[in-house]
Q: 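This is the structure I have questions about; it appears just below.
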Amino acid sequence: MRRIPIFAFILLFSTSVVHSALANDNLKVQNLRTEYHANPSGLDVEKPRLSWTLDGEGRNRSQSAYQIVVASTKEKLASFDGDVWDSGKVMSNATNQIEYAGQTLQSQTKYHWKVKVWDEQGQESQWSELAYWSMGLLNFSDWKGIFIGLDVGHQTGNKYDSLYLPPARYLRKSFNVQKKIKKATAYTTALGLYELRLNGSKVGDYYFLPGWTDYNKRVYYQTFDITEDLIPGENVVGAVIADGWYSGYIGYALLVHLDKVRGFYGDNPSFMGQIMIEYEDGSKEVIVSDNTWKANQGAIREADILMGETHDARLINSGWDAPGYDDSSWKKPKIYTHPNGRLQAYPGSLIQERERLPSVSVTEPKPGIYVFDLSKNFAGIVELKVEGAKGTKIQLKYGEMLNADGTVMTENLRKARATDTYILNGDGVEVWKPKFTYHGFQYVEVTGFPGKPGLDAITGIVLSSIKTDASSFASSSEMNNQLYKNILTTQSANFFEVPTDCPQRDERLGWTGDAQVYCRSATYNADVSAFFTKFLIDLDDAQRWYGAYPNFAPFPYSRPNQYAPAWMDAGVIIPYNMYKVYGDTRIVDYMYPGMKKFMDFQADASTDYLRPGGGNNWGDWLAVNETTSHDFIGSSYYGYDADLMAKMALALGKNDDHEHYKSLFEKIKKAFAEKYILENGYTTEDTQTSYALALYFNLYPEELALKGAARLAEKIRNNGNKFSTGFLGTKHVMLALTKYGYADLSYKLFKQTEYPSWGYSVVNGSTSIWERWNSYTKDADQNSSINAAMNSFSHYAFGSVAEWMFIHGLGIDTEDAGFRNIILKPSISEEVGFMKGSYNSINGTIASSWELKGNKLNLTVSIPVNTKAKIYLPASKVSYIKEDKKALDKISDIKVLSSTANETILQVGSGQYSFSVIMK
Ligand code: BGC
């Protein structure tokens with residue numbers, strides 16, 4: 001028999017004492033979500049996926065089993081009657097992507113659920129708080145309404161010379177509630193944009209409903225629980241509708257004189273919806289959009305996303321959406337044909353108000369022209385507060401920068417008129433904000449204001465699909481801290497129903513190249529699981545018949561050949577990142593047939609495994625001083641796609657496909673190396689971007705990779721530690737450098753403040769990420785020529801450095817999919833004194849904070865319950881590491897995995913750890 005040494009016995013004994021004391025503190029189950037949303041209304045997925053996170057004291061805490069109970073009523077759930085589904089005790093550590101597996105879910109039904117878990121010692125947690133989801137209208141036959149609107153005429157005159165901006169339409173219906181209501185739900189949608197009104201108030205907190213889709217393929221609807229909003233007696237439901245993406249102006253069509261400039265999906269907006277009322281006595285009633293509604297025009301005279309909104313308050317039909325209003329002068333609505341698209345529940349993140357920004361200054365650069373500064377460059381609208389004579393007309397113009405004379409710069413908006421007008425009614429203080437337009441801006445120029453406005457005349461309202469941030473970041477460099485804020489601001493400004501390139505000019509399209517370089521960064525900054533799910537559906541819908549993914553999605557234009565290397569690849573790269581970050585195989589499965597078709601398209605377009613840079617190719621868009629050939633970029637992305645396809649095929653259990661794409665990747669890699677990589681490790685292109693892509697995409701023959709990395713480092717040093725890269729190269733340079741041991745050089749690029757660098761924009765006062773490295777210079781002459789051209793000051797693409805900040809700066813990454821096995825590998829460098837930050841992963845918050853003092857490193861990390869982490873420390877001996885002042889061999893819950901001259905790797909479970917490391 002093997003004898004256990006006495007000290008080991010004591011150790012075992014003492015740790016188990018400590019452990020069981022801690023285990024008394026049961027795990028807490030929190031943050032219950034269904035399909036990535038807390039308590040969502042109106043789902044239409046057959047098997048919604050459930051998730052939660054865990055909290056618990058101590059270390060090495062994990063879930064060994066769970067039980068989910070779903071009930072038809074709250075009461076049943078409270079009394080543990082899982083009449084819809086009781087999973088029983090499931091021996092599993094899964095806390096997310098868990099498919100509902102109970103009875104078939106019914107249309108228009110609310111489901112209540114809760115969870116309990118067992119910890120690593122089999123100890124039961126308390127039940128979680130109650131959560132719910134409800135199902136929407138699951139069958140087409142559930143829809144009883146028709147699409148209604150109002151005829152307001154049509155455009156006359158030349159579409160390129162004058163704008164056509166029709167008024168909003170107002171629709172109303174009065175109905176009576178005689179009995180006690182048990183439950184009332186509104187299911188509503190529009191072709192165009194709608195705001196739902198009930199008894200005088202807006203229903204829900206959302207903007208730009210029902211969202212943007214290819215309306216010929218699908219139209220999303222919303223579900224609102226309005227049980228509390230109905231009153232005994234007369235009730236009024238109303239809808240205000242406007243063109244939006246359906247029939248308004250979109251993108252650059254007017255600028256380049258496309259065959260259509262507006263009305264891409266239809267000429268007029270229309271609304272459809274129904275209110276389902278269930279009475280206490282069991283009876284039901286449904287109020288549907290039909291020809292018994294009344295329709296009219298009103299105060300909103302113009303409403304267009306790009307052009308702006310005009311509101312004539314003299315024309316308000318006071319009380320039109322409330323009981324007691326006489327609508328006898330209103331018209332019958334016009335009936336519109338049902339679209340071809342399927343009606344579906346909205347799967348994404350709706351646009352909401354995120355923040356209010358008070359004006360920080362108001363100037364008067366010219367008599368009667370007032371310029372308000374809202375402190376940062378954002379996307380949204382303003383609220384105007386004014387008192388004055390009836391008929392006074394106030395005009396609001398929006399811009400990101402000021403001209404030399406202090407007025408607002410609008411040249412870079414191109415054909416986006418971005419102007420709102422408000423005409424006063426004259427009855428006291430009037431407070432107004434637009435409903436159907438938005439702008440990208442920091443400054444507002446106000447003309448026609450009665451008297452001298454105070455700061456409170458204009459308040460900024462930040463709108464975004466992102467409600468809350470998911471990360472924090474701080475370092476010893478104030479410049480880098482501001483850069484992080486600018487990245488968040490710009491993400492929030494552009495994650496606006498789709499990932500738009502920019503929020504201000506006549507574009508605002510879901511450009512795929514921008515989205516693919518930035519998507520991993522986006523996941524660190526916010527929970528974008530639902531947002532990208534929706535965008536991927538758009539991308540799938542927009543896939544060209546021949547297999548390429550287009551330049552942007554949705555793709556409303558009739559231009560057949562709009563695809564480009566590194567843009568179209570978003571169709572593979574974004575699904576892969578959703579899998580990697582959220583462990584989401586469902587979206588990968590959804591995209592899979594399209595992705596295969598895309599790979600076939602690439603195979604057809606290639607010769608000997610090299611894909612030429614066909615399509616309308618922008619190459620390394622906005623690179624400075626170096627050009628990487630389009631063919632090189634085309635082939636490198638083809639290789640990257642094959643590699644990601646192999647990984648996704650494996651995740652879906654498609655083993656043949658996995659083998660196929662793995663071998664395709666090897667073939668591409670070989671052909672690529674033969675054509676583009678020289679024996680000395682140089683690329684034939686010898687540009688920063690060419691090294692960054694080939695190294696990051698693993699296209700280098702192993703024996704030459706170090707030489708390639710050395711050449712990249714040399715080129716950067718020779719360039720004064722500055723970039724020569726554009727959208728594509730920039731993201732990959734520091735990722736490649738750090739991978740091959742050049743962390744110090746990455747930090748030099750990160751801290752650089754000379755043009756071209758991020759720091760250059762920060763020291764020039766930016767509050768956002770710019771489209772170009774030199775979007776703005778203090779040199780007035782150069783500036784005016786750049787500004788007049790295409791130049792946005794809110795373009796998230798160059799913000800892709802966030803990925804490096806989190807993966808390498810703070811060192812937070814995931815080994816496999818979904819942050820279950822965490823990698824904590826900060827790149828420690830004397831270039832930075834400290835870094836501190838956190839990331840709310842799908843499994844809970846991961847924190848990392850390091851500080852370097854001389855040769856002593858302090859690293860504090862926090863690892864969420866039910867996950868493990870490999871911690872990489874720059875210690876040449878295990879004895880140089882202490883945790884909480886103790887030597888590692890005195891700590892049983894830290895395992896040394898390996899230790900070499902450069903690095904020691906530790907394995908830990910959940911908990912807080914404080915390491916000190918002597919670096920020698
Ligand atoms: C957009 C970019 C986009 C590019 C394609 C621009 O107009 O703003 O962000 O990726 O076109 O080159």
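Numbers here simply count residues along the sequence, with the first being 1. We count ligands from 1, going down the list as the structure has it; atoms in each ligand are counted the same way. Note that the structure is a prediction, hence the values are computed from the model and not measured.
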Q: What is the closest protein heavy atom to atom 6 (C) of ligand 1, and at what distance does it sit?
A: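 Of every protein heavy atom, Glu507 OE2, 3.5 Å lies nearest to atom 6 (C) of ligand 1.
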Q: Nearest non-hydrogen contact with atom 10 (O) of ligand 1 belongs to which option: Leu509, Asn551, Asp514, Leu622?
A: Asp514
Q: Please check this pair: side chain of Ser800 against backbone of Ala797, looking for a donor-acceptor N/O pair closer than 3.5 Å.
A: yes
Q: When rounded to the nearest 0.5 angstrom, what is the spacing between CE in Met409 and CG in Leu402?
A: 9.0 Å
Q: Taking the six-membered ring of Phe793 as reference, does the cationic atom of Arg772 (NZ for Lys, CZ for Arg) lie under 6.0 Å from its centre and within 45° of its axis?
A: no
Q: Would you give the length of the straight line joining atom OH of Tyr438 to atom CG of Leu463, rounded to the nearest 0.5 angstrom?
A: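 One gets 9.5 Å once the value is rounded to the nearest 0.5 Å.
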Q: Using 0.5 Å steps for rounding, measure from the OH atom of Tyr252 to the CG atom of Leu509.
A: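 Reported value, rounded in 0.5 Å steps: 7.0 Å.
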Q: Could you tell me the residue and atom name of the protein heavy atom closest to atom 1 (C) of ligand 1, and the distance to it rounded to 0.1 Å?
A: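 For this ligand atom, the closest protein heavy atom is Asp501 OD2, 3.3 Å.
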Q: Glu771 heavy atoms, cut-off 4.0 Å: which ligand 1 atoms fall inside?
A: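 That gives atoms 8 (O) of ligand 1.
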Q: One residue to check: Arg414. Relative to ligand 1, which of side chain, backbone, both or neither has a non-hydrogen atom less than 4.0 Å away?
A: neither
Q: Taking OH in Tyr609 as the centre, count heavy atoms belonging to other residues, nucleotides or ligands within less than 6.0 Å. Is the count above 12?
A: no
Q: Touching ligand 1 at all, Phe552? Heavy atoms, strictly under 4.0 Å?
A: no
Q: Should the proximity of Tyr252 to ligand 1, defined as any heavy atom under 4.0 Å, be assigned to the side chain, the backbone, both, or neither?
A: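 For Tyr252, no heavy atom sits under 4.0 Å from ligand 1.
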Q: With a 3.5 Å cut-off and no angle check, do the side chains of Glu771 and Tyr796 form a donor-acceptor pair?
A: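 The criterion, which ignores hydrogens and geometry beyond distance, is not satisfied for Tyr796 and Glu771.
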Q: Give me the residue, atom name and distance of the protein heavy atom closest to atom 4 (C) of ligand 1.
A: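 Result for atom 4 (C) of ligand 1: Trp621 NE1, 3.7 Å.
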Q: Tell me whether Trp511 has any N or O atom under 3.5 angstrom from an N or O of ligand 1.
A: no
